[in-house]
Amino acid sequence: MSKRKSNDTSLPSAKRTALSRFEQQFPGASSVLDNALESWQQCVTLDDDSATTAQAIVQCSTIALDNLYNTIILALLDIRAKAHLKQQEYKQAEIDASEMIQLAPRSPKGYIRRAEVYIHQDNFDDALDIYKQGRECVDDRKVMQQKIFGLQDVLNDKITAYVNECKFARAERFARHWLRLFPHNHRGYTCAGDVYMMQGKSYQAVQAYGRGGLMDQFMDQDASDALMTKFHQACDQADKRVDIIAQSPFDIVANILPHLSTTSLLECLRVSKVWRNKTAQCRSAWRTVVVPQDNDWITEMTHTRCHVTDHVQNLYMDRPDYPGVEFDYAWSSICSTFNHLETLGELYEKRQTDEIDTFTPVIEIHRLDLNTFINGLKETQSTLRRLEISQEDKFWQINGGIDHFGPIWTALSSFQQLTHYSFRDVSASSDGFGERTLPAIPNLTHLAIVTHWLSDRDEASTRRFGTILNACPNLTYLRTNTQNSGLQVIHQRLHKLEYLSLSTRDKILDCHEDFLSQNYKPSNGIRVLRIYSETFPDANTTFNVLNANRQTVEELQLWEVINPFDPDDIMQDERHHWNLLSNFGSTVLRKFDCSLDRLTQPVILSILQQCPNLETVYFTSSTQLTDDVFDALIRLKWLSKLELRDCKKITGEGLARFFESMVTRLKHLHLADLAQDLSDEYFCPLAQVQLTTLYLNGFSDGGPLATIVSRMSSLEEIALRGIKIRIHPVFEKLAKLPKLKKVELMELDGVMDDDIITLVNKSNSVQNISVAYCDTVTSEAIAYANRYISATLFLLEDEE
């Protein structure tokens with residue numbers, strides 16, 4: 001077959017059609033290809049005989065190949081970057097856009113694409129910087145200038161979207177971004193003023209409109225007139241006092257009032273007849289009431305025409321400052337006035353401790369005569385479902401050492417609706433209810449009982465505990481402070497139990513929120529088992545309980561309180577007995593929380609191996625734990641949450657290896673009080689892990705931390721504690737994280753007011769900042785943060 005020669009250098013029609021589609025993706029590509037073809041055509045028409053001609057061929061061919069290669073690479077990078085953006089893969093899209101800029105620094109395409117990556121992440125500061133950088137480098141500066149002006153349209157669309165969703169706080173934050181990026185353009189001030197007006201903030205709107213007229217010197221007449229009109233309207237509105245309750249429809253008022261405290265609701269009743277009627281009609285606002293310290297609150301609620309007391313279902317007692325007879329009268333009035341009470345208890349305050357989040361009771365009911373208390377309770381007999389009471393030494397002394405648990409329990413036996421009962425007796429001189437038999441409370445399913453007479457290590461305490469269990473055979477929830485023998489009694493007598501928490505420490509049982517919120521139903525075994533004790537039950541009893549419930553237990557907590565004066569008081573033979581737990585395994589166990597130092601590492605590894613579906617693992621004060629545990633953790637295919645506290649034998653090499661193997665699986669990480677010589681370089685692989693929650697205690701260098709944080713695009717919550725150096729770069733990186741919502745800072749010597757303000761001003765996602773025991777952070781910075789987000793500041797007692 002002869003080779004046909006042709007001088008036709010034009011592209012076939014099919015390729016021209018493909019090129020036209022290519023032109024839509026990347027304008028200018030056809031002209032570049034045409035130039036390349038022209039250079040190639042010059043090459044093939046030259047005379048091949050002379051050396052000069054050969055040199056020209058090389059030059060023309062090189063130009064044609066370079067143009068063709070760069071154009072195709074740019075087009076492919078651009079297409080891939082847009083695809084990454086659609087899939088929200090911002091890091092990969094940014095890499096492609098950066099390569100486009102490096103390949104063609106005088107082309108606007110790379111700058112535009114990289115700015116779009118930042119815009120998708122609401123990072124308008126970096127987007128504006130890229131546009132300005134492109135304006136200085138590209139040939140056509142008008143394109144970049146138009147993009148800079150168009151950035152204001154993007155901000156306006158964002159603010160409009162948030163306003164339509166009634167997310168005014170976020171709309172305000174974007175408006176502040178607008179003013180910071182374009183301080184000399186009236187549009188941002190106009191938009192900010194509009195957002196303030198929609199919220200009724202007339203004074204802030206006046207300031208925004210006024211500054212807009214002063215800052216923009218190039219505003220046309222029409223825009224100036226419109227801005228002045230808005231300014232005068234805001235001034236008129238600021239001079240008026242708007243009664244938002246009286247003028248708003250009831251459905252809007254009904255969404256506002258439930259967020260007010262009981263004291264504020266009582267104040268609303270005093271404002272006017274319209275306020276009193278609307279406030280009293282809002283049933284959801286009065287569903288839960290905290291008894292204020294004002295002695296006239298019952299009279300005020302009772303005299304309301306709409307009968308506010310009929311709406312109250314949950315009543316909590318605040319600290320009563322009225323002594324003696326006055327409080328007896330208040331108690332009797334409470335029980336006789338509120339006819340639909342379902343919950344009656346104490347006000348609990350959540351507090352953060354070094355060991356565990358607990359709910360500590362603010363007051364104890366100890367000022368009442370026993371008969372007065374029981375008679376008042378009987379007034380709620382037909383509706384009461386949940387009751388929480390407690391007594392102090394004063395209560396015991398005032399009433400002459402009378403037994404209270406027995407009479408109160410006997411009275412409650414006639415309460416057909418009662419399902420939750422919490423009794424806390426901190427009277428050291430109390431001896432309980434003696435040896436009497438208690439009547440059954442028929443429908444009781446939740447019992448929380450903390451008493452000194454159950455924690456004694458004698459047979460009498462065991463008999464009392466057995467008597468209580470016999471009187472409530474239908475329990476599904478039990479939280480108590482019984483001693484070692486109590487676990488065996490529970491295992492023998494309660495066959496419907498699903499939640500069990502044992503402790504010899506009072507505070508672990510004050511978990512009010514857990515007691516009320518959990519709705520446990522009878523099952524074939526215990527689903528949640530928590531043992532928190534100074535004197536742990538013996539190994540055989542613990543194993544028998546675990547083994548009997550291996551098909552149902554989903555959460556297991558084994559905490560032992562170590563003697564601080566002798567942390568090594570566990571004998572080797574005691575650890576040997578606990579090797580029995582190496583035979584325990586469960587395919588339904590999801591959470592394992594261990595602070596039991598008598599468990600050796602082989603036993604722990606065996607438990608991890610035989611519980612393959614674990615999702616959450618906590619280790620605290622485990623002196624036996626070494627890097628070998630990471631091999632077992634890596635094999636847990638569902639593991640997403642890990643906490644390591646005070647595990648001194650864990651090394652940096654083991655952590656780095658674990659991080660590299662858990663890039664996509666691990667979502668929550670808590671590291672605290674590890675080895676003091678742990679180098680920060682081992683934390684570098686942590687940057688690749690796709691965490692949503694991170695807690696770090698004792699990180700020694702803010703430089704690597706800033707680098708790590710900057711790469712965690714999926715991070716939603718972060719807590720930093722015990723960092724002793726200046727960490728300003730960390731806050732700069734935190735402000736750029738697109739999903740970060742909550743920041744907790746504790747015992748940080750290097751954090752300043754400027755760091756808090758930077759985080760508030762530059763972040764578009766942070767909703768809550770909590771600062772505790774940071775000496776260099778002032779209340780002024782927290783007050784500034786509270787204008788836009790939720791922020792709290794905890795001080796040391798001497799600072800308060």
Side-chain angles (χ1 to χ4, degrees), residues 245 250-251 253-271 273 275-322 326-349 359 361-365 367-368 372-390 411-412 415-422 443 446 512-513 515-517 519:
I245 298 296
F250 181 74
D251 56 345
V253 175
N255 286 323
I256 297 174
L257 294 178
H259 297 282
L260 301 181
S261 64
T262 304
T263 304
S264 299
L265 289 172
L266 292 175
E267 293 175 355
C268 291
L269 294 174
R270 306 185 190 117
V271 175
K273 184 183 294 185
W275 278 57
R276 183 173 66 248
N277 292 336
K278 287 190 174 182
T279 304
Q281 291 174 12
C282 184
R283 301 180 66 90
S284 58
W286 298 100
R287 185 171 292 120
T288 299
V289 168
V290 177
V291 176
Q293 297 182 13
D294 185 2
N295 202 13
D296 298 329
W297 65 276
I298 297 180
T299 303
E300 196 164 356
M301 295 176 67
T302 308
H303 288 177
T304 305
R305 290 183 179 180
C306 297
H307 303 290
V308 168
T309 54
D310 293 341
H311 305 332
V312 179
Q313 297 179 1
N314 308 308
L315 187 68
Y316 294 98
M317 307 290 293
D318 199 348
R319 184 181 299 276
D321 290 336
Y322 3 97
E326 291 188 12
F327 186 64
D328 287 350
Y329 168 76
W331 172 255
S332 301
S333 300
I334 289 172
C335 296
S336 61
T337 302
F338 299 96
N339 301 320
H340 299 87
L341 278 183
E342 295 182 3
T343 301
L344 182 59
E346 308 163 9
L347 177 64
Y348 281 72
E349 178 183 3
F359 282 79
V362 177
I363 61 106
E364 289 81 15
I365 302 174
R367 300 172 184 263
L368 287 171
T372 302
F373 177 69
I374 292 178
N375 291 334
L377 268 184
K378 290 181 178 180
E379 297 286 341
T380 66
Q381 179 175 342
S382 60
T383 59
L384 193 64
R385 296 177 180 273
R386 293 173 290 269
L387 175 64
E388 302 167 73
I389 58 177
S390 61
L412 292 177
F415 284 53
Q416 297 297 321
Q417 303 296 327
L418 189 68
T419 58
H420 294 61
Y421 180 39
S422 174
N443 295 315
H446 289 56
H512 169 265
E513 185 179 66
F515 176 69
L516 291 183
S517 63
N519 185 22

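Numbers for residues simply follow the sequence, beginning at 1.
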Visitor: Of all residues at least two apart in sequence or in a different chain, which pass the side-chain contact (heavy atoms from CB on, under 4.5 Å) check with Ile256?
Guide: Ile252
Visitor: Hey, does Leu269 have a side-chain heavy atom less than 4.5 Å from the side chain of Trp275?
Guide: no
Visitor: Roughly how far, to the nearest 0.5 Å, is the OG atom of Ser382 from the CG atom of Asn339?
Guide: 8.5 Å
Visitor: Measure the spacing between CD of Glu342 and CZ of Arg287 and express it to the nearest 0.5 Å.
Guide: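 Going from CD on Glu342 over to CZ on Arg287, the span is 9.5 Å.
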Visitor: Using atom types as modelled and distance alone, determine if a side-chain donor or acceptor of Lys378 lies under 3.5 Å from a backbone N or O of Ala411.
Guide: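 No.
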Visitor: Hey, does Gln281 have a side-chain heavy atom less than 4.5 Å from the side chain of Phe250?
Guide: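 A side-chain contact exists here, since the closest heavy-atom pair is under 4.5 Å.
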Visitor: Between Thr419, Leu344, Thr343, which is the residue that forms a side-chain contact (heavy atoms from CB on, under 4.5 Å) with Arg385?
Guide: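 Filter result, single survivor: Thr419.
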Visitor: For Ile389 and Ser422: C-alpha separation, side-chain torsions, deciding distance, then whether side-chain contact (heavy atoms from CB on, under 4.5 Å) applies.
Guide: CA-CA 6 Å; Ile389 58 177; Ser422 174; over 6 Å; no
Visitor: Among all residues two or more places apart in sequence or in another chain, which pass the side-chain contact (heavy atoms from CB on, under 4.5 Å) test with Ser261?
Guide: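 side-chain contact (heavy atoms from CB on, under 4.5 Å) check on Ser261 returns Thr263, Ser264.
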Visitor: Flag the pair Cys282 / Val253 as yes when at least one side-chain heavy-atom distance between them is below 4.5 Å, and no otherwise.
Guide: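 No, side chains not in contact.
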Visitor: Do Trp286 side-chain atoms and Thr279 backbone N/O form a donor-acceptor pair below 3.5 Å?
Guide: yes
Visitor: With sequence neighbours excluded, tell me which residues meet side-chain contact (heavy atoms from CB on, under 4.5 Å) with Gln416.
Guide: Pro442, Asn443
Visitor: Among residues at least two apart in sequence or on other chains, which ones pass side-chain contact (heavy atoms from CB on, under 4.5 Å) with Glu379?
Guide: Cys335
Visitor: Please identify each residue that fulfils side-chain hydrogen bond (donor to acceptor under 3.5 Å, both in side chains) with Arg283, with sequence neighbours left out.
Guide: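 Only His311 meet the side-chain hydrogen bond (donor to acceptor under 3.5 Å, both in side chains) criterion with Arg283.
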Visitor: Answer yes or no: is there a side-chain heavy-atom contact under 4.5 Å between Leu387 and Phe415?
Guide: no
Visitor: Taking side-chain hydrogen bond (donor to acceptor under 3.5 Å, both in side chains) as the test, write out the residues that go with Thr288, two or more places apart.
Guide: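 Applying side-chain hydrogen bond (donor to acceptor under 3.5 Å, both in side chains) to Thr288 gives Asn314.
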Visitor: If I compare all heavy atoms of Leu265 with all of Ala285, which pair ends up nearest, and what's the gap?
Guide: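 Minimum heavy-atom contact is CD1-O, 3.5 Å.
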Visitor: About how many Å separate NE2 of His446 and NE2 of His420, when rounded to the nearest 0.5 Å?
Guide: 3.5 Å
Visitor: I'd like to know if the side chain of Thr383 reaches the main chain of Leu341, judged simply by a donor and an acceptor atom lying under 3.5 Å from each other, with no hydrogens or angles considered.
Guide: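 Yes, Thr383 side chain to Leu341 backbone: donor-acceptor pair under 3.5 Å.
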